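Notes for the one structure printed next.
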2 protein chains.
Amino acid sequence: MLFSTRAEYGVRLMVELGRHAGDQPVSLNAVAENERLPLSYLEHLVAKLRKAGLVESQRGARGGYRLARPADRIDMLEVVQALEGAITPMECFHPEPEGKVSCSHEADGDHACATKLLWTKVHGGVAKALSGTTLADLVEFAGAGGDGPPEPDPTKAVAGAA
Amino acid sequence: MLFSTRAEYGVRLMVELGRHAGDQPVSLNAVAENERLPLSYLEHLVAKLRKAGLVESQRGARGGYRLARPADRIDMLEVVQALEGAITPMECFHPEPEGKVSCSHEADGDHACATKLLWTKVHGGVAKALSGTTLADLVEFAGAGGDGPPEPDPTKAVAGAA
DNA sequence: CCTTCTCCGACTGATTGGCTAGGATTTAGT
DNA sequence: ACTAAATCCTAGCCAATCAGTCGGAGAAGG
């Protein structure tokens with residue numbers, strides 16, 4: 001399992017907010033009911049999203065949450081990172097400012113850490129997949145599958161693209 | 001953390017075996033010392049690799065492990081899958097025979113699972129990164145980048161007897 | 001002032017990750 | 001035949017994380 005339910009629930013929450021763009025804020029309760037997710041757990045998740053500056057909150061009655069930016073300017077790398085923490089393939093993997101990567105074992109001596117090449121590739125693949133997707137993409141995808149007529153399944157094309 | 005140390009240790013183990021291709025089998029003890037990893041933990045990992053048909057074992061004194069195939073015909077997707085189990089981005093994510101993907105929530109009704117698109121992309125990215133890399137690539141990388149030449153010196157580690 | 005809602009921290013039960021222990025079995029060398 | 005060096009197998013342990021609950025303190029609208 002690459003990610004935990006935090007990412008899953010959190011992304012679904014974001015999509016739900018994205019569907020009500022421009023409207024009044026959406027209460028967590030509404031989201032929980034729509035998505036059949038535990039309210040009190042969502043509270044924790046939305047807190048992370050808020051601290052990351054991805055959603056804004058309005059307290060009090062008729063309050064709730066809304067996106068801090070238009071959905072097409074929110075890329076999913078940000079979202080998933082906010083929910084799951086820094087996404088690294090491995091414990092020893094430390095991405096550095098200038099795109100380089102350091103590895104904890106390298107000090108051990110014998111030879112370069114053989115896995116560095118592999119984890120760098122994996123990290124790149126995930127980062128590309130996430131940052132190449134905006135929340136708007138997901139909202140549109142969800143909308144198409146739900147209210148509107150069925151469209152050709154985009155997941156098939158991507159899955160075969162390896 | 002995308003992967004656990006199982007993948008890390010297991011891959012390093014495989015690389016170590018790949019460095020001694022054609023030679024006598026390498027004992028786990030030697031690998032453990034070279035890589036400074038706990039022997040008894042490696043035993044569990046190598047068992048998975050053996051069951052997956054990636055390494056062969058020779059029991060008894062002077063026994064050990066060797067690759068079941070040449071390193072350039074072992075792709076890392078197989079290796080990581082053997083170690084970590086099926087690699088899916090999310091609990092609800094079930095890759096199906098024909099490249100399609102099913103999602104547990106889809107039965108829930110309201111609308112298509114919005115996250116499916118995202119996880120499919122992520123899965124594709126990881127799979128591509130892993131299956132596009134062979135063990136030989138890592139062996140070469142480790143040899144080239146290391147401060148020591150990839151010169152095989154198996155006598156040193158095992159040199160207790162005779 | 002009461003209801004709705006966000007916010008916050010503490011707590012919990014189950015699972016997983018990383019690792020150790022102990023032994024059974026197989027084989028090479030003497 | 002004996003012994004040392006290995007693989008193999010099962011069981012269990014401890015700490016951390018996951019997924020979620022609970023109770024309550026604020027803030028805002030009616």
Side-chain angles (χ1 to χ4, degrees), chain A residues 1-10 12-13 17 24-33 35-52 54-66 68 83-92 104, chain B residues 1-10 12-13 17 24-33 35-52 54-66 68 80 83-88 90-92 104 154-155 157-162:
Chain A
M1 228 53 56
L2 264 35
F3 300 121
S4 66
T5 63
R6 283 192 301 255
E8 171 76 17
Y9 295 178
R12 279 165 64 191
L13 165 58
L17 296 189
Q24 289 196 326
V26 183
S27 79
L28 264 200
N29 216 315
V31 175
E33 278 181 12
E35 298 285 334
R36 281 146 184 103
L37 297 176
L39 168 64
S40 34
Y41 191 35
L42 281 185
E43 288 184 359
H44 292 302
L45 302 182
V46 82
K48 291 174 189 261
L49 294 169
R50 193 174 53 86
K51 280 164 192 157
L54 291 165
V55 306
E56 288 168 350
S57 63
Q58 171 159 351
R59 303 185 64 163
R62 316 279 318 158
Y65 298 89
R66 64 167 65 85
L83 293 161
E84 296 274 342
I87 122 174
T88 61
M90 187 60 50
E91 198 69 49
C92 67
S104 315
Chain B
M1 225 54 56
L2 265 34
F3 299 122
S4 66
T5 63
R6 283 191 300 253
E8 171 76 17
Y9 294 178
R12 275 160 72 188
L13 166 57
L17 296 188
Q24 289 194 327
V26 183
S27 80
L28 263 199
N29 217 314
V31 174
E33 278 182 14
E35 297 285 334
R36 281 147 184 104
L37 297 175
L39 168 63
S40 34
Y41 191 34
L42 280 186
E43 287 183 1
H44 292 299
L45 303 183
V46 83
K48 290 173 190 259
L49 294 170
R50 193 173 54 85
K51 279 165 193 157
L54 291 165
V55 305
E56 289 168 350
S57 64
Q58 171 161 350
R59 304 187 63 166
R62 298 258 167 225
Y65 298 90
R66 63 166 64 85
V80 172
L83 292 162
E84 295 274 341
I87 122 174
T88 60
M90 187 61 50
E91 199 70 49
C92 66
S104 316
T155 58
V158 199

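Just so it is clear, the model here is predicted, and its values are computed rather than measured.
Between the CG atom of A:L17 and the P atom of C:dT6 there is a distance of 10 Å, given to the nearest Å. The nearest whole Å value for the distance from the CD atom in B:Q24 to the P atom in D:dA6 is 11 Å. Nucleotide D:dC9 holds its C1' atom 14 Å from the NZ atom of B:K48, rounded to whole Å. One interatomic measurement links the two molecules: CE of A:M90 to P of C:dG17, which rounds to 12 Å at whole-angstrom precision. Rounded to whole angstrom, the span from the CZ atom of A:R36 across to the P atom of D:dA19 amounts to 21 Å. Taking atom CG of residue A:L39 and atom P of nucleotide C:dC5, one finds them 10 Å apart after rounding to whole Å. At whole-Å resolution of the value, CG in B:L45 and P in D:dT7 are 13 Å apart. In this structure, CG of B:L42 is placed 13 Å from C1' of C:dT20, rounded to the nearest angstrom.
Residue B:G64 is the one, among B:E91 and B:G64, whose nearest nucleotide of DNA chain D lies closer to the 5' end (criterion: closest heavy atom).
Side chain of B:Q58 to main chain of B:G64: no donor-acceptor pair is present (N/O by atom type, distance under 3.5 Å, no hydrogens or angles). No donor-acceptor distance shorter than 3.5 angstrom exists from the side chain of A:E35 to the backbone of A:Y9, with no hydrogens or angles considered. Formation of a donor-acceptor pair under 3.5 Å by the B:Q24 side chain with backbone atoms of B:R62 is not found in this model.
A close approach under 4.0 Å does not occur between any side-chain nitrogen or oxygen of B:R66 and OP1 or OP2 of D:dT7. Proximity of A:S57 to the phosphate of C:dC7: a side-chain N or O atom is located under 4.0 Å from OP1 or OP2.
Comparing D:dA19, C:dC19, D:dG29 against the side chain of B:Y9 picks out C:dC19 as the nearest. Proximity note for B:R6 (side chain, C-beta onward) versus C:dG18, C:dC19, C:dT6: the nearest is C:dG18. Distances were taken from every side-chain heavy atom of B:S4 (C-beta onward) to each of C:dC8, C:dT6, C:dG18; the shortest belongs to C:dG18. Closest to the B:Y41 side chain, of the nucleotides D:dT7, C:dC19, D:dC8, is C:dC19. The side chain of A:T5 lies closest to D:dA19, out of D:dA19, D:dT21, C:dC7.
A:V55 pairs in a side-chain contact (heavy atoms from CB on, under 4.5 Å) with only one of the listed residues (A:R66, A:R50, A:K48), which is A:R50. Here the options are B:I87, B:L2, B:T88, the test is side-chain contact (heavy atoms from CB on, under 4.5 Å), and the partner is A:M1; only B:T88 passes.
Nearest heavy atoms, A:E84 versus A:A7: OE2-N, 3.1 Å.
No donor-acceptor contact under 3.5 angstrom links the side chains of A:T5 and B:E91, judged on distance only.
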Below 3.5 Å is the cut-off: list the nitrogen or oxygen pairs between protein and nucleotides 21-27 of chain C, distance only.
| from | atom 1 | to | atom 2 | distance (Å) |
| --- | --- | --- | --- | --- |
| C:dT25 | O2 | B:R59 | NH2 | 2.8 |
| C:dT26 | O2 | B:G60 | N | 3.4 |
| C:dT27 | O2 | B:A61 | N | 3.2 |

